[in-house]
Amino acid sequence: MRQADVVIVGGGMVGLSLACGLAQAGFAVSVLEAGPTPMPDERIDYRVSALSRASETLLQQLGAWPLLPRKTAYRTMRVWELDGPAALSLDCATLMEPDLGHIVENHLLRLALWQRASQLGVDLQSDVHLLPMIRRVTVAELSCTTGEVWRSPLLVAADGAESWLRQQARVPLFRRDYGHWALVANVRTALPHDACARQCFTPEGPLAFLPLHESDLCSIVWSLPPARAQALCEADEADFLRALYVAFDGQLGLCQLASPRRTLPLQARLARDFVQERLVLVGDAAHTIHPLAGQGVNLGLLDVASLLRTLSACKAAGQDWGCRQWLRPFERERKWQASQYLAAMAGIQQLFALQQAPARQLRGLGMALLNHLPGWQAPLLRQALGLA
Ligand SMILES: Cc1cc2nc3c(=O)[nH]c(=O)nc-3n(C[C@H](O)[C@H](O)[C@H](O)COP(=O)(O)OP(=O)(O)OC[C@H]3O[C@@H](n4cnc5c(N)ncnc54)[C@H](O)[C@@H]3O)c2cc1C
C-alpha cells in the first residue's frame, strides 16, 4: 500500500505541471499514467501548443521551462477572412512585451515536466492500468492490475478529454460536437514565417499556421467538416498541398509536408462538477474547447495555478484538502472561466460560419474597429497573453 498526499491520474502536460507544483509545496505526490514513460525523440512533434505568458510564468516557477530544448516565440498575430473584409493584426510592441507567447511541441513539454517531476521526487508510474476506485470517508484508494494500491485524501483526474476517473465518479458531462475535425501536420513553407502566428477563417473552418523553430517550418491546425478532413488527410500529397495553398491564399507560398497528417475530432466538453468529495478534475478532464484560439492547455495550466493556491492554503491551515467544502473556491473560479471560454469559442465559430453579406460586413467592421480604435488592442492582447 502506497500512501500519498495527492494521487494524480494522468501524466499529460496538466497532470505533470500539477505534480511539480505540489511537490514544490511539500506534498507527497504520485502520478499514475496509462501510457509509457516519455522518452527523448529526435522527430519534431506535429502536436504543438501556443502557450500564453501566464503559462510560461507558471512553467518557469515549476522549473520546467528551462528544460525545454526548443520553443518558438511569436511576436505578431494575423487573423483574416478568406475573400472577406475582416482582418486583424496584433503586435507585441503594442504592449511593450517581447512576444505574444510561445509555440511548444507537446511531446517536449511533457518530457520536460516528467524530468522535472522526477527531480522533485514525485512518484511517477507509467503503463498503469487502474481498477475501479474506492472512496471512503477520509481517503480514496486506487489499485492497478499488478496489485499495487495507492491511498490518498485526494485524487485528481488529469486523464484527458475522455477521463476514465471522471467516468468512474459518474460526473455528468455537457458535450457538444463542433461538427469539425482538426487536421494537423507540420509543413515547410516557401516564404519565412517571420515569427507570426497566422489564422485564416475559410468558409469550411479556421486554418492556422503556427511558427516553429526554423524560419520555414510551421505547424498547421485546419478545422474542417469531418468528411473533408478525412479526405484531405488521405489525399495524395500534391492534392493536399494544392488545397492548403488555396485555403491559405498562398500567404506563405507553396508548402511541403514535414510530418504525417493526422485528424482529431473536436468537441466542447464541460464537466458539471469540477470537485467532489476526495476528487478534483483539471485540464481536459474538466473542459475542452475548440482549438481556434489555442487556449485548451492554457486553461488547464490556469486550473493548476488555482488548485495549487487552494491546496497550499488548506495545508497551511491544517485542513483536510480532500474535503469538497475546501475545494469549492477552486471549482467556482475555474468553472466560471471555462464556461466563458466555451461560450466565446462557440460564438466565434458561429459568427465565422455565416456566409451572408451582412455577416461578412459586420465581421469586417468589427475587426477594422479593433485594428484602428486606440485603446482596444491592449486589453485584447492582455487577454490573449493571459495577463488579464
Ligand atoms: C488540434 C488541437 C490543437 C490544440 N492547440 C492548442 C494550443 O495551441 N494551445 C493550447 O493551449 N491548447 C491547445 N489544444 C488543447 C490541448 O492540446 C489540450 O488542452 C491539452 O493537451 C490537455 O492536456 P491534459 O494534460 O489535460 O490532457 P492530455 O494531454 O489528454 O493528457 C492526459 C494524460 O492522461 C493519460 N491517461 C488517459 N487515460 C488514463 C487512465 N485511465 N489512467 C491513467 N492515465 C490516463 C494519457 O495517456 C495522457 O498522458 C489543442 C487541441 C487540439 C485538439
Side-chain angles (χ1 to χ4, degrees), residues 7-19 30-38 45-52 54-56 58-59 72 74 77 101-107 109-111 113-114 124-133 142 144-145 150 155-168 178 180-185 197 199 205-211 219-224 229 261-269 271 281-304 338 341 345 384 386:
V7 171
I8 300 170
V9 176
M13 295 181 280
V14 173
L16 289 170
S17 298
L18 181 65
S30 292
V31 173
L32 312 182
E33 163 60 39
T37 303
D45 196 358
Y46 54 84
R47 290 294 311 271
V48 307
S49 297
L51 295 184
S52 68
S55 295
E56 175 190 344
L58 176 71
L59 293 165
T72 309
Y74 60 99
M77 197 188 288
H102 286 80
I103 310 297
V104 174
E105 291 159 57
N106 290 4
H107 175 75
L109 179 54
R110 212 174 146 243
L111 182 62
L113 284 162
W114 189 278
L124 291 165
Q125 304 286 334
S126 43
D127 299 306
V128 169
H129 296 284
L130 294 167
L131 298 170
M133 77 163 159
L142 279 173
C144 72
T145 44
W150 285 264
L155 302 181
V156 179
D159 49 349
E162 292 304 328
S163 171
W164 169 86
L165 192 51
R166 183 187 67 218
Q167 292 172 43
Q168 277 281 304
Y178 281 119
H180 270 166
W181 285 6
L183 193 165
V184 294
Q199 180 147 248
L207 166 60
F209 271 59
L210 304 173
S219 161
I220 62 159
V221 181
W222 194 356
S223 305
L224 291 159
R261 290 161 273 176
R262 292 282 182 270
T263 55
L264 303 151
L266 299 177
Q267 287 189 341
R269 297 179 187 81
L281 273 59
V282 291
D284 276 17
H287 44 71
T288 59
I289 59 172
H290 198 290
L292 69 86
Q295 288 298 338
V297 80
N298 289 310
L299 274 179
L301 293 176
L302 289 172
D303 295 346
V304 168
Y341 272 76
M345 291 313 113

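Order of appearance sets the numbers: ligands from 1, and atoms from 1 within every ligand.
Contact annotation: R47 has at least one heavy atom less than 4.0 Å from an atom of ligand 1. Contact between E162 and ligand 1 is absent, with no heavy atom of the residue lying under 4.0 Å from the ligand.
Here the shortest heavy-atom distance to atom 3 (C) of ligand 1, taken over P291, P36, S49, belongs to P291. Scanning V128, D159, T288, V297 for the heavy atom closest to atom 37 (C) of ligand 1 points to D159. Scanning D284, V282, L299 for the heavy atom closest to atom 26 (O) of ligand 1 points to D284. Nearest to atom 44 (N) of ligand 1 by heavy-atom distance, out of A34, A50, A293, is A34.
Residues E33 and R110 are paired through a salt bridge, judged by an N-O separation under 4.0 Å between the basic side chain and the carboxylate.
Within ligand 1, the atoms closer than 4.0 Å to a non-hydrogen atom of V48 are 5 (N), numbered from 1 in the order shown. For ligand 1, the atoms closer than 4.0 angstrom to any heavy atom of G283 are 26 (O). Of all atoms in ligand 1, numbered sequentially from 1 with element shown, those under 4.0 Å from a heavy atom of G294 are 7 (C), 8 (O), 9 (N), 10 (C), 11 (O).
For atom 31 (O) of ligand 1, the closest heavy atom belonging to the protein is G12 CA, 3.6 Å. What sits closest to atom 41 (N) of ligand 1 on the protein, heavy atoms only, is W164 CB, 3.3 Å. Of all protein heavy atoms, the one closest to atom 21 (O) of ligand 1 is M13 CE, 3.4 Å. Among all protein heavy atoms, the one lying closest to atom 27 (O) of ligand 1 is G160 CA, 3.7 Å.
Checked against side-chain contact (heavy atoms from CB on, under 4.5 Å), R47 has the following partners two or more places apart in sequence or in another chain: D45, N106, V184, L264.
With 3.5 Å as the limit, one finds no donor-acceptor pair spanning the side chains of D284 and T288.
Atom CD of residue E105 and atom CG of residue L109 lie 10.5 Å apart, to the nearest 0.5 angstrom.
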